[in-house]
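Worksheet for the structure shown next.
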Amino acid sequence: MSMIQVKNLKKSFGDLEVIKDISTAVEPSEVVCVIGPSGSGKSTFLRCLNRLEDISGGHVYIDGADITNPKNNINEIRQKVGMVFQHFNLFPHMTVLENLTLAPVKLGKLKPDAAEKKALGLLDKVGLGAKAKAYPGELSGGQKQRVAIARSLAMDPKVMLFDEPTSALDPEMVGDVLGVMKDLAKEGMTMIVVTHEMGFAAEVADRVLFIDGGYIVEENVPNELFGNPQHERTKAFLSKVL
Amino acid sequence: METIIESLPMLWEGLKMTLYIFAIAIVLGFLIGLVMALLRLAPFKILNWIAKIFIDAIRGTPFIVQLFFIYFGLNSFSWVSLDNVWAGIVTVAINAGAYFAEIIRAGIQSIDKGQTEAARSLGLNQSQNMRYIILPQAFRRMLPTITNQAIISLKDTSLLSIIGVADLTQRGRVIVSATFEPFTIYLALGVMYFVIIYLLSLLSSYLERRFVLR
Ligand SMILES: Nc1ncnc2c1ncn2[C@@H]1O[C@H](COP(=O)(O)OP(=O)(O)OP(=O)(O)O)[C@@H](O)[C@H]1O
Ligand SMILES: [Mg+2]
């Protein structure tokens with residue numbers, strides 16, 4: 001069974017049809033990168049996958065459960081879907097450690113001790129074991145983003161969604177964050193990554209989706225999509241960014 | 001000077017009454033404000049309207065009229081019996097509640113929506129998001145305006161002397177009518193109010209420093 005299945009997804013904001021008809025499936029452990037021009041609906045697509053945006057039409061199945069079905073508890077489904085944002089969105093009134101333990105403890109997944117232990121392990125993994133007691137405001141952008149990744153991982157998600165996780169970072173911070181993401185991919189995490197980092201997509205993705213005009217215009221393994229694009233719009237886009 | 005020393009026990013009683021009324025009314029008022037702010041932001045039009053009507057009605061009418069309405073107006077029904085102290089507490093609470101509602105609403109709305117998105121995407125529901133993420137941040141931000149409203153409400157309690165509540169102001173009036181020393185007594189009252197309000201603002205800046213957003 002696919003980890004994520006998207007069937008004829010549509011999303012409009014009022015009269016503006018952003019996602020017109022998108023269908024795709026993401027298999028367990030697959031890493032999918034999403035590329036496309038600014039304003040083409042990449043973020044909107046990603047945000048429909050955990051229903052941060054209300055879906056206008058079609059279906060999204062996460063691990064078999066249809067998130068558009070009101071009978072399914074969206075809060076439970078979201079626990080399986082980690083999300084990492086361009087601007088980190090760490091909780092500034094809590095320490096790094098508290099950022100990581102809040103959801104597992106309050107949602108009854110782990111006891112406080114166990115959550116803390118796990119959080120410290122995750123912080124070590126992203127190279128920030130020493131920052132557990134720091135507040136987000138005391139961290140650099142790259143450190144914040146690694147904490148945000150660890151915060152999502154603290155819920156043991158089955159899927160991780162990333163929306164341009166490095167585009168708000170100073171160039172010298174990008175490598176650390178991409179490094180953490182590469183490790184995750186190697187460990188078999190299912191990932192969907194909206195990115196402008198073509199190098200990362202080429203190296204890590206199993207498949208790249210090019211979105212434009214509300215549709216997936218083209219999807220392929222990175223070598224093919226970057227090396228031998230089939231559609232004019234893909235070629236035009238790649239000629240600008242590569 | 002002698003007059004003041006002789007009146008101190010009376011003024012002390014009055015001060016206790018003022019603080020008693022203020023303490024209850026400000027807590028009630030805060031709860032009313034919190035509920036009204038949440039109704040105002042709830043995803044249901046009717047609830048928004050209920051809160052909006054309440055807030056506008058209170059903010060658009062004088063405190064004294066509200067006090068008379070509650071003490072004389074409501075008490076004219078046989079099933080209501082509010083003594084003047086409780087009528088005063090209720091009036092101050094409702095009045096402060098309407099202003100708190102607007103302060104809290106603005107505070108909640110000032111928090112970046114990315115916070116809610118992060119919380120919800122972790123699986124927290126909307127009330128957990130409010131409780132753990134939004135309100136703690138909003139309150140820190142609102143602390144100066146909340147203090148400001150608390151100070152206004154404390155001063156409003158002195159109007160309760162009109163319906164005979166034996167608060168600090170009322171005790172002062174009684175002492176003046178017995179001693180004919182309005183200058184000293186009202187000066188003493190002013191100093192006492194000033195000191196309480198000064199302590200309130202010290203408490204507020206202490207809390208602000210303690211909970212500063214890092
Ligand atoms: N909440 C919203 N209300 C109205 N319009 C929106 C909303 N969110 C996004 N849009 C519009 O939807 C379109 C797609 O936006 P989206 O953010 O998904 O693009 P994107 O591909 O992620 O772009 P970028 O690369 O700049 O991040 C844009 O035209 C945007 O203005
Ligand atoms: Mg975007």
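Within every chain, numbering begins at 1; the chains are lettered A, B, ... in the order of the sequence lines, protein sequences first and strands thereafter. All of these numbers come straight from a predicted model, not from anything done at the bench.
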Subject >> 4.5 Å side-chain heavy-atom contact, Met94(A) and Ile133(B) >> reply: yes
Original post:
Between Met155(A), His87(A), Arg47(A), which residue shows the highest count of heavy-atom pairs closer than 4.5 Å to chain B?
Top reply: Arg47(A)
Original post:
ring pair (Phe, Tyr, Trp, His ring centres under 6.0 Å): which pairs involve residues 36-56 of chain A, sequence neighbours left out?
Top reply: none
Subject >> Atom NZ of Lys131(A) with >12 non-hydrogen neighbours under 6.0 angstrom >> reply: no
**OP:** Tell me, yes or no, whether the heavy-atom count around Phe44(B) atom CZ, taken from other residues, nucleotides or ligands under 6.0 Å, exceeds 12.
**Re:** no
Original post:
Has Ile46(B) got more than 12 heavy atoms of other residues, nucleotides or ligands less than 6.0 Å from its CD1?
Top reply: no
Original post:
Is the backbone N or O of Tyr132(B) less than 3.5 Å from a side-chain atom of His93(A), with the two atoms forming a donor-acceptor pair by type?
Top reply: yes
Subject >> Pairwise distance CD1(Ile74(A)) to CZ(Arg120(B)) - rounded to 0.5 angstrom >> reply: 8.5 Å
**OP:** Could you pull out the closest heavy-atom pair between Asn75(A) and Asn125(B), with the gap in Å?
**Re:** ND2-CB, 3.4 Å
Original post:
Non-hydrogen atoms of chain B under 4.5 Å away: do they reach the side chain of Phe91(A), the backbone, both or neither?
Top reply: both
Original post:
Do any N or O atoms from the side chain of Asn50(A) and from the backbone of Ser121(B) form a donor-acceptor pair under 3.5 angstrom?
Top reply: no
Original post:
So does Lys111(A) have more than 12 non-hydrogen atoms from other groups sitting under 6.0 Å from NZ?
Top reply: no
Subject >> Closest approach of Ala103(A) to Leu124(B) (non-hydrogen atoms, all atoms of both residues) >> reply: CA-CD2, 4.4 Å
Original post:
Taking Gln115(B) for the side chain and Leu90(A) for the main chain, is one N or O donor matched with an acceptor at less than 3.5 Å?
Top reply: yes
Subject >> Phe72(B) atom CZ: more than 12 heavy-atom contacts under 6.0 Å >> reply: yes
**OP:** Give the member of Glu76(A), Lys80(A), Arg51(A), Arg151(A) that has the highest number of heavy-atom pairs under 4.5 Å with chain B.
**Re:** Arg151(A)
